Amino acid sequence: MLLAIGLCTPVALTGCSKRENAKLAEFKGHAITVQEFEKAYAKVDAAYLPKATGEEGLKEFLNTMLNKEVMAAKADELGYDKDPSVAQGLDAFRTMALPIAY
């Protein structure tokens, strides 16, 4: 995974014609593209962005995104979606979040 991050970071900085679709990282068939990375980065409150700046901060943020993918895959693998307490928590979240989103 670190190799993918190291190799793809220069792609993001070069400005190729299909820059938005360039893959920065990939895990189990899901690619994190430049466009997905930039949208996620823009949505995060500055207080929660990495303390590092420049390329190091961008790598840290990408690593966080990739870790999220790994943890989600592991949770699926372990069947957490079928755990009654997890399902109950997700239902409670939906009940609270949907009216707020509406």
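Keep in mind it's a predicted model, so treat the numbers as computed, not measured.
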Contacts of Ala72 that satisfy side-chain contact (heavy atoms from CB on, under 4.5 Å) - sequence neighbours left out | none
side-chain contact (heavy atoms from CB on, under 4.5 Å) involving Phe93 - partner list, sequence neighbours excluded = Ala97
Can you tell me how far CD of Glu69 sits from OG1 of Thr64, rounded to the nearest 0.5 angstrom?
-> 12.0 Å
By side-chain contact (heavy atoms from CB on, under 4.5 Å), which residues pair with Glu60, not counting sequence neighbours?
-> Pro50, Ala52
Out of curiosity, does Leu90 fall in the hydrophobic cluster containing Leu78 (side-chain heavy atoms, cut-off under 4.5 Å, transitive links)?
-> yes
Return the minimal non-hydrogen interatomic distance between Glu20 and Thr33, and the atom names on each side.
-> O-CB, 3.5 Å
For Gln35 and Asn21, the nearest pair of non-hydrogen atoms, with its separation, is OE1-OD1, 4.4 Å
Taking every heavy atom of Pro99 against every heavy atom of Met96, the minimum-distance pair comes out as CD-O, 3.5 Å
Inter- and intrachain pairs under salt bridge (Lys or Arg N to Asp or Glu O under 4.0 Å), touching residues 85-99, at least two apart = Asp91-Arg94
Kindly give the heavy-atom pair with the smallest separation between Leu62 and Ile32, and that separation in Å.
-> CD1-CG2, 3.9 Å
Mind checking side-chain contact (heavy atoms from CB on, under 4.5 Å) for Ala40 and listing every partner two or more places apart, or none if nothing turns up?
-> Phe61, Met65
Do Val70 and Val86 belong to the same hydrophobic cluster, where Ile, Leu, Val, Met, Phe, Trp and Tyr are linked whenever their side-chain heavy atoms lie under 4.5 Å apart, directly or via other members?
-> no
Closest approach of Phe37 and Leu24, non-hydrogen atoms and distance?
-> CB-CD1, 3.5 Å
Distance, nearest 0.5 Å, that separates CD of Glu36 from NZ of Lys23 | 12.0 Å
Using the side chain to side chain donor-acceptor pair (under 3.5 Å) rule, collect all pairs that involve residues 75-90, keeping only residues at least two apart or in two chains.
-> Lys74-Glu77, Asp83-Ser85
